[in-house]
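Proteins get letters first, then strands, A, B, ... in listed order; numbering begins at 1 in each. Computed from a predicted structure; not experimentally measured.
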Amino acid sequence: MNLVKEEEARKIDRYIENAKKVNQHVINARVTAAFAGATALTVGLLIFIIVYILSRGFHMVTPAFLLETPRQMGRAGGIYPAIVGTILVTGIAVVIAAPVGVATAIYLTEYTRESWLPRIVRFGTENLAGIPSIIFGLFGFLFFVIYLDLGWSILSGALTLSAMILPTIVRTSEEAIKAVPNAYREISYALGSTRWQTVTGVILPTALPGIVTGVVLAIGRSIGETAAVIFTAGASLRLPESLLDPVRTLPVHFYILAREGISMDNAYGTAAVLIVLILIINIAAYSIMNRFVAKSR
Amino acid sequence: MEGDPMRYPMRYREAVIEKTLVIVALSAIAVLGLIILFIFKEGSPIMARIGVIRFIAGAKWAPSRGVFGILPMIWGSIWVTLGALIIGVPLGLACAIFLAEMAPARASAILKPAVELLAGIPSVVYGFIGLVVLVPFIRRWFGGPGFSVLAAAIVLGIMILPTIISISFDAFKAVPVAYRDGMLALGATRWQAIRMVILPAARPGIVAAVILGMGRAVGETMAVIMVAGNATKIPSSILAPVRTLTSNIALEMGYAAGEHREALFATGIVLFVVIALLNLTARLFATGGRVAR
Amino acid sequence: MRWRSAPQREMAQVTGESMTDIKILAQDFKFYYGEHCALKGINLEIRRNQLLTIMGPSGSGKTTFLRALNRLNDLVPGTRAEGRLAIDGVDVYGRGVDVADLRRRVGMVFALPVALPMSIFDNVAYGPRKRGIRDRRKLAGIVEKALRDAILWDEVKDRLHDHAGTLSGGQQQRLSIARVLAVEPEIILLDEPTSGLDPLSTLKIEGLLWELVKSYTVVLVTHNPLQSARVGGEIAFFLMGELVERGPASDIFTHPRDKRTEDYVSGKFG
């Protein structure tokens, strides 16, 4: 009995000895290296995706490719209608969603009192943010395409997208407005400004770069969106003549080319255009944000 | 003076502006309501006809014969999502910890936007890279058709990285600096401080990040379609092809009609409920964290 | 709607308050943040063109009182006022008061010098513009006069369109005063206006107070007995939400009636 206990005690002693020997600084260095590796892997994936697409697709991107209409279902020719479609659908979506989103953010930050109303608004935007794009696609198809009888059209696609990007714009605008120093509000109110005068006089001008960043990121998100657009804007390769015409956006065109194996070259070319657009938009958003941060310091 | 002192009389213009803002602000909840209304209206009749249980637990999906069971797709979504979490959560958390707590501020300032750029890449591009790089790779080295649970899980695991990283990054940054500095002052290494103080303090935020990442994985459509193979069978291994709830909708919406289309909207209902539950859980965790802090 | 409605104006005439020299009158005025009572029944009168210094340690309710006068406390949710607080005989918290108009008549300078993120000119023109003044020459006149009155004109006249953030702390605080003067208030409230400033800038601001009082009723809040002594004039000592004592500076500092006042001005606490 006694012997066993001693044995165990020695075991514990040895364990403690070993534990002491393990240098915490070595562990720290190893963990840091591992986590740095994980970060490198993540950034590496990003670079891989960008380089892979551009190296195979960039040579396809000629003025003709950008400005010609596609022939033989996209096997030959350019992607002009898809570019026009993307710009129209995204542009209209943002024109609708940005004012609504910013107004919602203003309401949530500057006008709410303790009541049930802002809670409902918040509930709405937060839940909308979690809904997958395919559900927006189903909804847009049922509501805009069929119920409102807009058909597969630029307008249906844009309205669906605007609903989808609304929560992003609300959230980023809200953050930008909340970052406005409270002293500005107090000064404005103390000078006898009304609420709206304070909003337009100091709050929006100060928060504007942050709001613009959010809107630009929302544009990026809508440009790449496929699932919500394919069932609402359609997949027509014809150049649209009105907002009620169907249209095929760049990601939809890319998806169809790649999935149906119509033309890998044209698929890469379309993807390269998409990636370049997304890069430009994101870099623009960050440079606006950085200038904003630098200025507010 | 009684009641809320904020209720001072405002000029007419101010009142009109405020009312307008309220109405505009309600549009988000209105859209949410419309989504629920229209999808449930379109999808619920067939669920009622078949029976919710038989629809959800039915192992066979054969629209041409009027057989609608979405169990394979439910399993498909579960497998693919779990796989994505297994890949995305450790990688994402490691990145977030590195960027928030370990990397020099200057490196973080460059790396974090790069990581966030991952969120900007369209899902079709992810799917396409999966299709031309990952699927042949799996076919060659692991066997099977390549279009598989594994391929989908890897693609989704990468796609949820930005969500997991940015939300848990914020959670780490929200931990008071004094916690970490206190530990470091006691002679702890950075990793000890992270493990013993920062991770526990940021736990609600991390859980929220994981759940929201899960929501993103469950809801992703186009990327999955391109790499998962889309067979309507419960996958037997991680190398077998699989179809998720979202792909089921997207693949067949183009040509479905009548009962078939209703069944797709019913699939949408199931997806919607799953996502709503995930969001609810995430919010519970997130608010729990705010109270604890 | 003007902030003083017709019935109230009649009331004021009936009670005769407006006939007297009293600009601000508090009668058993109480103020609550939720359940917390920050002012426990203040009785105080301030005459027209008087400089009153409200002195007291932090938490004494002096800033709360100041922010009640222009109802800036309204911005804090869950606050409540009781009793009477009147300017020119009209209850500040009365029904039908146009708060925006009230705040134009009761200007406020804050503790920390903060310039709005715009040019020096736009800072001063902010208030007048919100009142609907658009005419450029008129605005320029208002801005010049306000900056001159705040003794800042000579320092900034050549760079009116520079960003106001380029000014020093002391200059920014005088800019704050100019911003208030530009809306032509009747009362100017200053909430520890020198707490973030160096001694020289502090002296400039303190000297400015006696210029201001020629045209305005001025209420200064400070936690610093030395500043109250320097500024002089009339002093009200606040402690824990109560008005302990009020009198000319000479009395407060040489023979205070209350033990607590004596302890405070002699530096035993605070």
Using a cut-off of under 4.5 Å on heavy-atom pairs, state which of [options] scores highest against chain A.
options                        : answer
B:E116, B:M253, B:M226, B:R216 : B:M253
B:A107, B:P122, B:G219         : B:P122
B:I97, B:L99, B:L93            : B:I97
B:I121, B:V115, B:L111         : B:I121
B:I249, B:T246, B:T20          : B:I249

Without swapping roles, check the side chain of [X] against the backbone of [Y] for a donor-acceptor pair under 3.5 Å.
X      : Y      : answer
A:R195 : A:Y111 : no
B:S108 : B:A105 : no
A:T232 : A:I230 : no
A:E225 : A:A227 : yes

Top residue by heavy-atom pair count (under 4.5 Å) with chain B, among [options]?
options                        : answer
A:M264, A:R259, A:E110         : A:R259
A:V199, A:T226, A:V121, A:L142 : A:L142
A:L217, A:L138, A:N282         : A:L138
A:F143, A:Y107, A:F139         : A:F139

Below 4.5 Å from any heavy atom of chain A, which atoms of [X] appear? Answer side chain, backbone, both or neither.
X      : value
B:I39  : both
B:V218 : neither
B:I275 : side chain

Proximal component of [X], with respect to chain B [non-hydrogen, under 4.5 Å]:
X      : answer
A:I275 : side chain
A:L46  : both
A:I49  : both
A:L166 : side chain

* Should the pair A:Y52 and A:F48 be assigned to parallel (<30°), tilted (30 to 60°) or perpendicular (>60°) ring geometry? -> tilted

* Centres of the B:F128 and A:Y268 rings: under 6.0 Å? ->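 For B:F128 and A:Y268, the ring centres are under 6.0 Å apart.
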
* **Within residues 24-36 of chain B, residues adjacent to chain A where the heavy-atom gap is under 4.5 Å** =>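 Residues B:V24, B:A25, B:L26, B:S27, B:A28, B:I29, B:V31, B:L32, B:L34, B:I35 are the ones that qualify, each having a heavy atom under 4.5 Å from chain A.
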
